[in-house]
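Scope of the values below: all heavy atoms of this structure, side chains included, with no hydrogens, waters or symmetry mates. Throughout, protein chains are lettered first and strands after them, A, B, ... in sequence-line order, and every chain is numbered starting at 1.
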2 protein chains.
Amino acid sequence: MDRFLSSATNKIDTKGRVSVPAHFRSVLQKRGFVELYALRALDVQAMDVGGPDLLDRYEQRIALEDPFLQAADDMSFFVHGDGSFLKLDQDGRITITDFIREHTGIGAEVAFVGRGLFFQMWEPERLKAHAGAVRSRLLKLRQQASEARAAALPES
Amino acid sequence: MDRFLSSATNKIDTKGRVSVPAHFRSVLQKRGFVELYALRALDVQAMDVGGPDLLDRYEQRIALEDPFLQAADDMSFFVHGDGSFLKLDQDGRITITDFIREHTGIGAEVAFVGRGLFFQMWEPERLKAHAGAVRSRLLKLRQQASEARAAALPES
DNA sequence: TATTGTCCCATGCTATCCCATGAACACGTC
DNA sequence: GACGTGTTCATGGGATAGCATGGGACAATA
């Protein structure tokens, strides 16, 4: 399978290195990514990590904004300014830079989360909080959908 | 028969492995699945397990959303971050990872429940509690229906 | 000279392969 | 009907390969 799936939490060692989960590495290889880009996620405290296509995706997003408005400029500044390359060493580890720590709050451990075409790196506790919020939003969505269907029916 | 039907509880061995019920395995084989896709269910503490087609269905659903809105992001976070592939070993067993234990509370045994096109894995006690809740909900529904019918009739 | 980043190797844990055991069950023969 | 035989299946365990992690050595940098 060639999608980033599942999640795992790995430790950062004394030198600031952390192993990228083996499954993610095999996806990277399968997709032919040599260079890894780490970008700040726009609305959460996490890093989005992926290949060159991730940059394209971000640029598409930014292009949606009116180029005369400040938002587009801010986004570009935010994303490109604090983006970075990550190099995998021979053992499949990356070094967590201060850039990454600042934006994510990552300290001793990194939580990796598959997102299909890319993956994310989180501070584990923040990930847990975010996951809870996502679940409650999705549950609400589901309830709204079933209520809408019930209302559409002539009668219960 | 190519549907997941009935339920069974199997033991997890000292290495964290558990046999997938033979009947389920034959369904999987009939459908040509080598890998399993397991998702931490949204509203219950169980894993929904099916073939990779389950993931495909979710991804098609996500594709309907505007990729830059929160809904799409939430859905992807859930489907990819809370999903994982499981491999059947040669003896038809899977290993219960912490990823699964965390969400389900599974400890020493796994209760498998057929759900037609997919099946679920539960912690046995929780399954029992859930089954009880489902039954009483259904009973209430039925009572309400018959009361409504009685009220609609002119009366005896 | 200190520091930082690679490379390389060691270690222990975990997942996987392969084989063994024993229980439940079906089938056929006496 | 009773008994043996074979099959299927859940379960256990030894051996091994893969993986996360720790640390030494060395080069590049400042």
Side-chain angles (χ1 to χ4, degrees), chain A residues 1 4-30 34-38 49 84-102 106-114 119-124 127, chain B residues 1 4-30 33-38 47 49 84-102 106-114 119-124 127:
Chain A
M1 188 50 59
F4 295 102
L5 268 189
S6 175
S7 64
T9 300
N10 288 343
K11 287 177 195 158
I12 300 179
D13 67 16
T14 51
K15 297 182 185 176
R17 300 170 302 180
V18 68
S19 293
V20 175
H23 174 250
F24 287 8
R25 296 205 301 265
S26 78
V27 175
L28 291 172
Q29 203 178 5
K30 216 166 284 176
V34 193
E35 291 175 323
L36 277 183
Y37 296 88
V49 186
S84 63
F85 292 98
L86 295 179
K87 263 186 293 184
L88 278 176
D89 72 14
Q90 313 189 129
D91 298 326
R93 288 185 276 201
I94 55 175
T95 302
I96 301 299
T97 63
D98 288 342
F99 265 151
I100 297 177
R101 291 184 192 272
E102 264 174 44
I106 284 173
E109 292 188 327
V110 181
F112 293 85
V113 181
F119 65 88
Q120 289 180 320
M121 298 193 297
W122 289 78
E123 193 285 316
L127 171 64
Chain B
M1 178 54 64
F4 297 103
L5 210 57
S6 97
S7 61
T9 299
N10 288 344
K11 288 178 196 160
I12 299 178
D13 67 16
T14 51
K15 296 182 185 175
R17 301 171 300 182
V18 68
S19 293
V20 174
H23 172 249
F24 288 6
R25 295 205 303 264
S26 78
V27 174
L28 291 170
Q29 201 180 7
K30 211 164 287 176
F33 296 148
V34 193
E35 277 177 322
L36 293 179
Y37 171 70
M47 304 296 299
V49 187
S84 172
F85 280 114
L86 302 178
K87 259 192 307 183
L88 278 175
D89 72 14
Q90 319 187 122
D91 299 326
R93 288 184 276 200
I94 54 175
T95 44
I96 302 299
T97 60
D98 288 343
F99 180 78
I100 297 175
R101 293 182 194 270
E102 265 175 36
I106 285 172
E109 292 189 329
V110 180
F112 293 84
V113 182
F119 64 88
Q120 289 182 319
M121 298 195 296
W122 289 79
E123 194 286 316
L127 173 61

Looking at T95(A), does any N or O in its side chain come under 4.0 Å of the phosphate oxygens OP1/OP2 on dT4(C)?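 For T95(A), the contact criterion (side-chain N or O under 4.0 Å from OP1 or OP2 of dT4(C)) is not met.
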Less than 4.0 angstrom between a side-chain N/O of Q90(B) and OP1 or OP2 of dT16(C), yes or no?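 No, outside the criterion.
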Rounded distance (Å) that lies between atom [atom2] of [N] and atom [atom1] of [X]:
X	N	atom1	atom2	answer
K87(B)	dA17(D)	NZ	C1'	12 Å
E109(B)	dA10(D)	CD	C1'	12 Å
F99(B)	dA15(C)	CZ	C1'	17 Å
L88(B)	dA10(D)	CG	C1'	14 Å
F24(B)	dA10(D)	CZ	C1'	15 Å
L86(B)	dT14(C)	CG	P	18 Å

Kindly indicate whether the side chain of F85(B), heavy atoms from C-beta on, has any atom under 4.5 Å from the side chain of S6(A). no
When the ring planes of F4(B) and F24(B) are compared, do they come out parallel, tilted or perpendicular, using 30° and 60° as the limits? perpendicular
Per-nucleotide protein contact string for nucleotides 18-30 of chain D, where B marks a base within reach and S marks sugar-phosphate only (heavy atoms under 4.0 Å, - for neither): -SSBBBBB-----
Tell me if a side-chain donor or acceptor on D98(B) pairs with a main-chain N or O of R101(B) at a distance below 3.5 Å.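 It does not hold such a pair.
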Would you check if the side chain of N10(A) reaches a backbone N or O of S19(A) as a donor-acceptor pair within less than 3.5 Å?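 Side chain of N10(A) to backbone of S19(A), a donor-acceptor pair under 3.5 Å: yes, one is there.
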Just to verify, which of R17(A), K11(A), K15(A) counts as forming a side-chain hydrogen bond (donor to acceptor under 3.5 Å, both in side chains) with D13(A)?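 Of R17(A), K11(A), K15(A), side-chain hydrogen bond (donor to acceptor under 3.5 Å, both in side chains) with D13(A) is met by R17(A) alone.
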Does this structure show an ion pair linking D91(A) with R93(A), if we count only N-O contacts that are shorter than 4.0 Å? yes
